[in-house]
Structures are given as C-alpha cells and as structure tokens.
S.K.: 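One structure follows; several queries about it will come next.
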Amino acid sequence: MPELPEVETTRRGIAPHLLGQVIRGAIVRQPRLRWPVPDLQSLLGGQRVQTVERRAKYLLLGFTRGTLIIHLGMSGSLRILPADSPPRPHDHVDLLFGRHCLRLHDPRRFGAMLWAEGDPLAHPRLRGLGPEPLSATFDGACLHQAARGRRVAIKSLLMDGKVVVGVGNIYATEALFRAGILPNRAAARVSRARLDRLAGEVKAVLGQAIERGGTTLRDFLNESGEPGYFAQELFVYGRAGEPCKRCGTPILTRQIGQRASAFCPKCQR
DNA sequence: ACAGTAACCTGTTTGC
DNA sequence: TGCAAACAGGTTACTG
C-alpha cells in the first residue's frame with residue numbers, strides 16, 4: 001500500500017487529531033509485526049503527542065519521553081476512529097485518546113511499531129538512510145555520485161534507501177517513464193543530464209501524488225477511510241499490455257530485482 | 001563493496 | 001465452479 005506519498009498523506013491526516021492529545025492507553029492485539037511491538041501501554045500511557053513527523057516511509061510520533069516509530073509495510077494503514085469501534089480482523093494496535101483512537105490495520109504484518117528514546121534518527125532502522133527525495137540535498141549530482149561504477153539497474157538504484165528514501169515500485173516506475181529512461185539500464189550508463197532529469201521527475205511525481213492524496217490501487221485509504229486519486233495519472237505502472245499514453249505502443253513489463261517493472265519500449269531508452 | 005535472492009505474512013487475482 | 005499458483009505498494013538478511 002504505502003509509498004512516500006501515501007505515508008505523507010497519512011501523516012497530514014492524522015496529525016491534527018493527535019497533536020497535543022494525551023494517550024490514555026494502548027491495546028496491542030497482535031504484537032508480532034515485522035519486529036515485536038513493545039509494551040505500548042506502559043511506554044505511552046499519560047504522555048502527550050508533541051510532534052507528528054515523517055522520515056522516509058516511517059512516521060514519527062514524538063512524545064515527552066521518546067518517539068513511537070511506525071512503518072506501514074506493504075499493507076498497513078492508520079485510521080482515526082471512535083474509541084469504541086469494534087476491531088476487524090488485522091486491526092493490530094489501538095492508541096487510545098479521549099473520544100477517538102488511532103488504529104493500525106495491517107493484514108500482511110510487514111509493518112512495524114518501534115520505540116526510540118533520544119534521537120529517533122539515530123535508531124538503527126533510520127540511521128544510514130539516504131536523503132529525502134523532496135529535499136534540496138537530493139538532485140542529479142547526488143544520483144550521479146551513487147551511480148558511479150554501479151552496474152545495477154537504474155530502477156534498483158532509485159529504490160535503494162541508501163541512495164534516496166521513499167521511492168517504491170510505483171513511483172520509481174513512473175519517474176523513469178517521465179524521464180524517458182529504460183528501468184533496466186545500468187545505473188552508471190545513464191548520462192549526468194538524464195540523471196538530472198530523473199531527480200526532477202522523482203520530485204515531480206511524488207509531489208503530484210501527495211497533492212492528489214496518494215495512489216489507491218486496491219486498498220489504500222487515508223485516515224478517514226477515503227481513497228487517493230493519483231492512480232488515474234499513472235502512465236505505465238499497472239498498465240502492461242495497454243497502449244502508452246504518449247505514443248500508443250503497448251506497455252511491456254519485465255522483472256527487475258524481483259519486482260514487476262512496466263515501461264514503454266519506444267518512449268524509454 | 002556489490003549484486004542477486006529468499007524471507008517475513010495474508011489476501012486477491014489468474015489460469016487451468 | 002474449484003483449486004492451486006502467482007502476485008502484491010517494503011525492507012532485511014543472507015549468499016556468492
């Protein structure tokens with residue numbers, strides 16, 4: 001479900017409901033996510049939410065005495081619901097506030113809830129991550145440096161969190177189409193000028209997706225249970241066999257690094 | 001250091 | 001129609 005735009009959409013949606021609120025309790029129905037969920041009841045009880053931030057695809061809820069780090073994995077979502085809403089299957093964690101709760105739903109359980117005391121950016125899961133794609137530190141020069149001597153597919157490089165964070169399969173696929181670059185081209189064999197273009201397209205596609213409230217393919221819903229509207233603007237992702245929106249050539253797919261990669265053989269070189 | 005693969009899970013779609 | 005295989009938005013950990 002979530003790449004950076006969906007996580008950012010979630011962050012913007014939940015922040016107004018959480019900021020300044022005091023947690024009165026937590027319910028962990030299923031502690032076995034990607035890593036064991038800590039005892040949130042005793043860690044969080046009585047603390048106030050001071051910040052709701054994002055780093056890569058991690059949401060960071062800042063409390064008085066530490067930070068709750070949340071990752072949504074492949075299938076996770078967060079909703080704001082009345083505190084007494086009956087849980088459905090895969091509703092693993094509730095954070096209880098006054099009249100409402102923040103509920104984590106995650107069928108595949110690839111998500112995570114971690115606790116960090118001190119600087120959350122120093123947590124082992126966040127330390128060593130690359131630059132934020134929408135920040136000024138991410139640009140063509142940055143990609144050029146990372147691509148030096150690398151024979152991996154440019155798409156794999158783009159999805160490598162040490163190079164740049166937050167770019168998953170959908171948006172890597174789309175950014176490469178917009179930049180006119182074949183996804184399986186060796187990273188070191190993409191010219192500097194085209195890397196400049198690619199960095200720009202990554203920023204553009206992520207920015208537009210955030211404006212539309214994210215991409216809903218089958219099950220992404222925002223904090224209120226509404227879908228995002230970026231799917232209709234996808235050029236190649238999920239369109240194998242359909243005509244390219246630019247030139248009409250049928251869209252092809254191939255596996256790159258175990259992920260389906262759609263591309264237009266005419267528009268991308 | 002690098003590149004490729006398996007693994008963690010469950011639900012949905014595809015193909016015979 | 002029924003069942004099994006393939007596939008899905010992410011990330012880590014292991015292999016050679």
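The structure presented is a predicted model; accordingly, all values stated were derived computationally and were not measured. Lettering follows sequence order; numbering is per chain, from 1.
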S.K.: Are A/Arg212 and A/Glu233 within salt-bridge range, i.e. N to O under 4.0 Å?
M.R.: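 Salt bridge flag = yes for A/Glu233 with A/Arg212.
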S.K.: Taking A/Leu18 as the starting point, is it possible to reach A/Leu104 by hopping between hydrophobic residues whose side chains are less than 4.5 Å apart?
M.R.: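 Shared cluster, yes.
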S.K.: Starting at CG of A/Asp160 and ending at C1' of C/dT11, how long is that distance when rounded to a whole Å?
M.R.: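 After rounding, the gap between these two atoms is 11 Å.
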S.K.: Using whole Å, what does the distance between atom C1' of nucleotide C/dG10 and atom CG of A/Asn169 come to?
M.R.: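 In whole Å, C/dG10 C1' lies 10 Å from A/Asn169 CG.
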S.K.: To the nearest Å, how far apart are A/Glu3 CD and C/dG10 C1'?
M.R.: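 Rounded to whole Å, this separation is 9 Å.
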S.K.: Take atom CG of A/Leu59 and atom P of C/dT11, then tell me their distance rounded to the nearest Å.
M.R.: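 From A/Leu59 CG to C/dT11 P: 12 Å.
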S.K.: Whole angstroms only, please: what is the CD1-P distance between A/Ile256 and C/dC7?
M.R.: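 Checked: the CD1 to P distance equals 15 Å.
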S.K.: Mind checking A/Arg259 for me? I need base, sugar-phosphate or nothing, with any heavy atom below 4.0 Å counting as a touch.
M.R.: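 The answer is base, as A/Arg259 lies within the cut-off (heavy atoms under 4.0 Å) of a base atom.
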S.K.: By salt bridge (charged side-chain N to carboxylate O under 4.0 Å, His left out), which residues pair with A/Arg34, not counting sequence neighbours?
M.R.: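 Testing A/Arg34 for salt bridge (charged side-chain N to carboxylate O under 4.0 Å, His left out), a comparison that skips the adjacent residues, returns none.
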S.K.: Rounding to an integer number of angstrom, what distance separates B/dT14 and C/dG9 when you compare their P atoms?
M.R.: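 Per the computed distance, 14 Å lies between those P atoms.
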S.K.: Consider only side-chain N and O atoms of A/Ser75 and A/Asp106, and report whether a donor and an acceptor are under 3.5 Å apart.
M.R.: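 There is such a pair between these side chains.
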S.K.: Heavy atoms only, 4.0 Å cut-off, all strands: where does A/Tyr58 land among base, sugar-phosphate and nothing?
M.R.: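 Sugar-phosphate, backbone atoms only, no base.
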S.K.: Using a heavy-atom cut-off of 4.0 Å across all strands, would you classify A/Ala112 as base, sugar-phosphate, or nothing?
M.R.: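 The residue A/Ala112 makes no contact with any strand.
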S.K.: Toss me the dot-bracket line for DNA chain B: Watson-Crick and G-U wobble, both under 3.5 Å, 5' to 3', using | for pairs to another strand and [ ] for crossers.
M.R.: .|||||||.|||||||
S.K.: In whole angstrom, give the distance that lies between atom CZ of A/Phe230 and atom P of C/dG9.
M.R.: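 Computing the A/Phe230:CZ to C/dG9:P distance gives 16 Å.
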S.K.: Is the number of heavy atoms from other residues, nucleotides or ligands under 6.0 Å of A/Arg246 CZ greater than 12?
M.R.: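 Count over threshold, so yes.
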S.K.: Can you tell whether the side chains of A/Lys57 and A/Glu6 come within less than 4.0 Å, N to carboxylate O?
M.R.: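 Salt bridge: no.
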S.K.: Is the phosphate of C/dG10, meaning OP1 or OP2, less than 4.0 Å from a side-chain N or O of A/His71?
M.R.: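 Checking A/His71 against C/dG10: no side-chain N or O falls below 4.0 Å of OP1 or OP2.
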S.K.: Report the distance from atom CG of A/Leu4 to atom C1' of C/dG9, rounded to the nearest whole Å.
M.R.: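 Result: 13 Å.
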S.K.: Can you hop from A/Phe138 to A/Val190 via hydrophobic side chains spaced under 4.5 Å?
M.R.: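 In one cluster: yes.
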S.K.: Starting from C1' on C/dG10, measure out to CG on A/Leu129 and report it in whole angstrom.
M.R.: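 The answer, rounded to whole Å, is 13 Å.
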S.K.: Tell me whether the rings of A/Tyr171 and A/Phe230 are parallel (<30°), tilted (30 to 60°) or perpendicular (>60°).
M.R.: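 Tilted, since the angle between the ring planes falls between 30° and 60°.
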S.K.: Parallel under 30°, tilted from 30 to 60°, perpendicular over 60°: which one fits the rings of A/His105 and A/His90?
M.R.: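 A/His105 vs A/His90 ring planes: perpendicular.
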S.K.: Let me have a per-nucleotide readout for nucleotides 3-11 of chain B, 5' to 3', with B, S or -, counting only protein heavy atoms under 4.0 Å.
M.R.: S-BB-BBBS
